[in-house]
Every structure is written in structure tokens, then in C-alpha cells.
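All ligand and atom numbering here is 1-based and tracks the order in the structure. Every value quoted in this text rests on a predicted model; they were computed, and no experiment measured them.
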Amino acid sequence: MSMLKEKLAQIFPPLKAEIGSFVKQYGDKVVSQVTLAQAYGGLRGVKCLVCDTSEVPPDKGLIIRGIELKDLFDKWPEEILHLLLTGSLPNETELKDLQAELKDAEEVPDYVWAVLDAMPADSHPMAMFNTAILVMQKESVFAKRYAEGMKKDDYWSATYDDAINIIAKLPAIGAAIYRKRFNKGPRIPSDKNADWGKNYAIMLGLPDPNEELTKLMRLYLTLHCDHESGNVSAYSASVINSALSDLYYSLSGGLNGLAGPLHGLANQECLGWILETMEKFGGAPTKEQLEKFAWDTLNSGKVIPGYGHAVLRITDPRFDAFLAFGKKYMPDDPVFLTVQRVFETVPEVLKQVQKIKDPWPNVDAGSGALLYHYGMTEFSYYTVLFSISRALGICSQAVVNRAMGYPITRPKSLPTAGYKKIVEAQG
Ligand code: HAX
């Protein structure tokens, strides 16, 4: 058994007992109330989910297991995976053990390549990525063991095996989709000595003379890892997983949600918007030009991608991290300069629109410009990169949920007539 799995086997039983007695003792305490506006408004702010891997206070942004993101910028994705699952960063031996475990599981079955080859050449990279995950469902350890009558206490262990088997393969799958979809040449084999993030950079096949792209990939894969459990992709995946559909089904399903323009696809949309301004104004636009362009976008009924958030009310610390990276490695890049100028302009515009609750940039406002700088100019691919990272959080949440024995998710819906009755009864 790997060191990480052994550690989890120690951690989970007492945690399950603790949560069990906590709920038994305080089960009837009220933790949240739901107004009619919230029922019709995407359940914004309703506290009714549990997520122990991370939380997102509106005034701070992502906190992973009690550690603010700004203190994790230099950590590698494998370290973050360990943190998400166990609540602590790995020591050197634990990190090596986890990296070896991932290496052992990285071989992608050949039929995945055949399925990707059979897809239309103009398929969206996200459709290709989620198909690749789903088509591997027959490998699920959870599904196999469930069919054999696995005990409920073992659900987490089989989910863990699926999580490692999937996470290990995602860099190779993601990189192969990039190369195939954008005619970059044949797949590049995995480097047996490279860590998860570096290996991904290698397999993409983009020039990386000073290993700056490798650094960006590690940072990117760390920053997008998790964002509590109420966002569309994590919540969808968790609902699917609660039916004991294995992680191949649930991760793929959740990531289909990430493919939406109000969620992960915003990074593709945002770079598109930035480049559109540059094309229109013949280079990096002035603040005045940007201000007008922002108003034109709003007045045409569109959102300004990369700005606003359902939870956050500050500049997203993940955006701060990308901004700092850009200032260090590409201060004069015109696309990056435009991102900075948009940051100096757009919040002031959005503040004037009363209904918008968060005028600040989110994670998707700057990441694309950095990828563009290193030659990844095909921005319909960007959400795949997001997905590879987000799989860390979605898989960790599923392992924890199955270890805690949480039941199937099934909130109650009412027809509008039902809500009218409730409201009328209150006078
Ligand atoms: N541009 C224009 N209008 C915006 C806006 C923006 N950037 N942000 C919010 N609004 C609008 C909403 O569309 C909504 O309008 P309607 O009432 O007419 O529908 C109104 O302001 C109130 O919205 P809100 O309460 O401030 O925000 P929501 O919680 O409803 O939505 C969103 C949050 C992220 C979906 C929203 O801010 C948005 O559409 N932003 C642009 C797209 C984007 O960047 N998405 C990525 C978010 C981060 C993420 O998940 N990454 O994966």
C-alpha cells in the first residue's frame, strides 16, 4: 500500500466517528435559511454542503485545508493533492512515494487513442478530454469491487485507486489532445523522471528553453486544484458520485460543467476578449479605449469574461499569482500588458453596474495571456488545462465523501405553485 493510502487509512476512521457524533449531537441546529430569492437564484449563499478539502471565504479566496493559497504558490500539484486528501503537506519521502505511485499508473490504454482518433477533427478539446475519461470507465476499481459486493467501509479505498489511476493519466491525455487537435505532430512519450507538472509541459511539446513553461504549468496545476464543493463542476461531480457512480463517470460529468462559459470556459472567452480589443485598436489598447470597449460589451448584453464571481468579493488570489508570474517573466508582452490594463480599467466600469456584486478579476482573467506567451495560442484548449488541475480537488472530495459514508444527494424541489402556497401562508 502507498504511504498516502496508508495515511488515509489511519485518518479516516476517527474522522468519520468524530463527524458522526458531531451530527448526532447537533443534528437539529439550524445552520442556514433559504429565502425564495435564493431558491430561484442558483442557491447562492445557502449553507447546505460539506467540503473539508477547501473553503472560499468571499474576502480571502481559496484556503486549502486551513492554508491560504498565497502560502501555497510555490508548492507542486502532487504536494497539493496530498494536502487536499490528508490535511497536511507531504514530507520529502511521502512526496517521492506519491510521485512514484502516479508514475506507476500513468500508462494510458491504447483504446483511448483510438476513440480520440475517431472523433471529428473539429471536436472541442473539452469534449475530447471528457470522452477520454469516460471511455476508461471499464477500468474502474470501484465499479468492479462494488459488483463483487465490496463493504461500505472500503468505498473510499476503491475510490482512491480510481482517483490515482485517473489523475496519473490526465497529463498524457491532455497533452495528446493538444497535439492531435491542433496538428502538432505525434504524441510525445512520458519522461519517466519528470514530475507530474513538468511531464505535462514536456508532452505538450512547446519550446521550454529556460523551463519557464514548466514553472507555469506547475503553478497553473496548483492554482486551479479546488474551490470548495458548491461550484458547478465540483457539485455536479459530487452529486453523480453520491449515487455511487464511480469517479470515471462523476469526474467526466463534473468537467462537462467546467466546459461552460460562465465557469471554466471563461478563460478561453477572456483571452478572446483581450485579443479582440488588441485587434480592434491595433495593439495594446489605452485605458480610455478599454473603458469604451467594456461598456460596448455590457451594452450588447454580454458578460465581460474573467470578471465577477458567485462567491468572491475581492481580486481572486489566483489572479494575483498569475499577475506576479507575468510581471516576473514577461513584463513587456503586449497581451500581458493588455491584461494588466484591463485589470486597471474594468473593475471601475463594473462597479458602476449596480447588479454586479463582484467587479474584480477571477482566476480566468489572466491565465490565458501567460499560456499565449509561451506559444499555446489555441485558446479553446485552455479549459482542458484547468480540468487536469481541477481533477485533483474533485477526486479528493470524492475519496473523502466516500470515506465519511455520506448518503446520496437529494434536495427537495417544489413547483412554483408550491412556493406560492408557502409564501401566501406567511401572509
Ligand atoms: N460582466 C457582465 N455582467 C456580469 C458580470 C460580468 N463579468 N458578472 C456578473 N454580471 C451580471 C450577471 O450576469 C447578473 O446579471 P443578470 O441579473 O442580468 O442575470 C448580475 O450581474 C448579477 O450577477 P452576480 O450576482 O454578480 O454574479 P453571479 O453569482 O450570478 O454570477 C458569474 C457569477 C461568475 C457567473 C458572473 O460574474 C459572470 O458571468 N462572469 C463572467 C464569466 C466568468 O468570468 N466566469 C468565470 C468565473 C470563475 C470560474 O468559475 N472559473 O471557472
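The N/O atoms of Gly264, backbone and side chain alike, include one that comes under 3.5 Å of an N/O atom in ligand 1. For ligand 1, none of its N or O atoms has an N or O atom of Leu258 under 3.5 Å away. On a distance-only criterion, Lys302 and ligand 1 share no N/O pair closer than 3.5 Å. In terms of N/O distances under 3.5 Å, ligand 1 is not approached by Phe386.
Of the candidates Gly308, Gly260, Ser233, Gly45, it is Gly308 that places a heavy atom closest to atom 37 (O) of ligand 1. Closest to atom 18 (O) of ligand 1 by heavy atom, among Lys355, Glu269, Arg44, Arg318, is Lys355. Among Pro361, Gly306, Gly42, Pro359, the residue whose heavy atom sits closest to atom 44 (O) of ligand 1 is Gly306. Counting only non-hydrogen atoms, the option in Leu262, Val353, Asn231 that gets closest to atom 45 (N) of ligand 1 is Leu262.
Between Tyr382 and Phe386, the ring centre distance reaches or exceeds 6.0 Å.
The nearest protein heavy atom to atom 12 (C) of ligand 1 is not closer than 4.0 Å. For atom 22 (C) of ligand 1, the nearest protein heavy atom lies closer than 4.0 Å.
Between the side chains of Gln99 and Asp195, no donor-acceptor pair of N or O atoms lies under 3.5 Å. Of the N and O atoms on the side chains of Thr53 and Asp226, at least one donor lies less than 3.5 Å from an acceptor on the other residue. Between the side chains of Asp97 and Ser2, not a single donor N or O lies within less than 3.5 Å of an accepting N or O. With no hydrogens or angles considered, a side-chain donor-acceptor pair links Ser190 and Glu106 at under 3.5 Å. In this model, a donor atom of one side chain and an acceptor atom of the other lie less than 3.5 Å apart for Thr416 and Tyr40. No hydrogens or angles considered: nothing links the side chains of Glu139 and Tyr248 as a donor-acceptor pair under 3.5 Å.
Ring planes of Phe322 and His224: tilted class, angle from 30 to 60°. Taking the six-membered ring where the residue is Trp, Tyr160 and Trp156 present perpendicular rings, their angle passing 60° and hence far from 30°.
Protein heavy atom closest to atom 40 (N) of ligand 1, with residue, atom name and distance, is Tyr307 O, 2.9 Å. Residue, atom and distance of the protein heavy atom nearest to atom 50 (O) of ligand 1 are His263 ND1, 2.8 Å. When only non-hydrogen protein atoms are considered, atom 5 (C) of ligand 1 lies nearest to Ile356 CD1, 4.0 Å. Nearest to atom 24 (P) of ligand 1 among the protein's heavy atoms is Lys357 NZ, 4.0 Å.
Atoms of ligand 1 found under 4.0 Å from any heavy atom of Asp364 (numbered from 1 in listed order, with element): 46 (C), 48 (C), 49 (C), 51 (N), 52 (O). Applying the 4.0 Å criterion to heavy atoms of His309 picks out, from ligand 1, the atoms 33 (C), 34 (C), 37 (O), 48 (C). Close approach of ligand 1 to Leu298 is summarised as follows: ligand atoms under 4.0 Å from at least one heavy atom of the residue are 1 (N), 2 (C). Atoms of ligand 1 lying under 4.0 Å from any heavy atom of Ala266, numbered from 1 in the order shown and given with element: 43 (C), 44 (O), 45 (N), 46 (C).
Counting heavy-atom neighbours within 6.0 Å of Lys420 NZ, excluding the residue itself, gives a total of 12 or less.
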Test side-chain contact (heavy atoms from CB on, under 4.5 Å) applied to His309 and Trp360, step by step: CA-CA 8 Å; His309 201 272; Trp360 303 108; over 6 Å; no

Check against side-chain contact (heavy atoms from CB on, under 4.5 Å), Met376 and Leu213: CA-CA 10 Å; Met376 188 185 272; Leu213 179 67; over 6 Å; no

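No part of Asn267 comes within 4.0 Å of ligand 1, judged by heavy-atom distances. At a heavy-atom distance under 4.0 Å, atoms from both the backbone and the side chain of Ala310 approach ligand 1. At a heavy-atom cutoff of 4.0 Å, ligand 1 is contacted by the side chain of Asn362 but not by its backbone.
A salt bridge links Glu348 with Lys351: the closest approach of a Lys/Arg side-chain nitrogen to an acidic carboxylate oxygen falls below 4.0 angstrom.
At least one heavy atom of Ile304 sits less than 4.0 Å from an atom of ligand 1.
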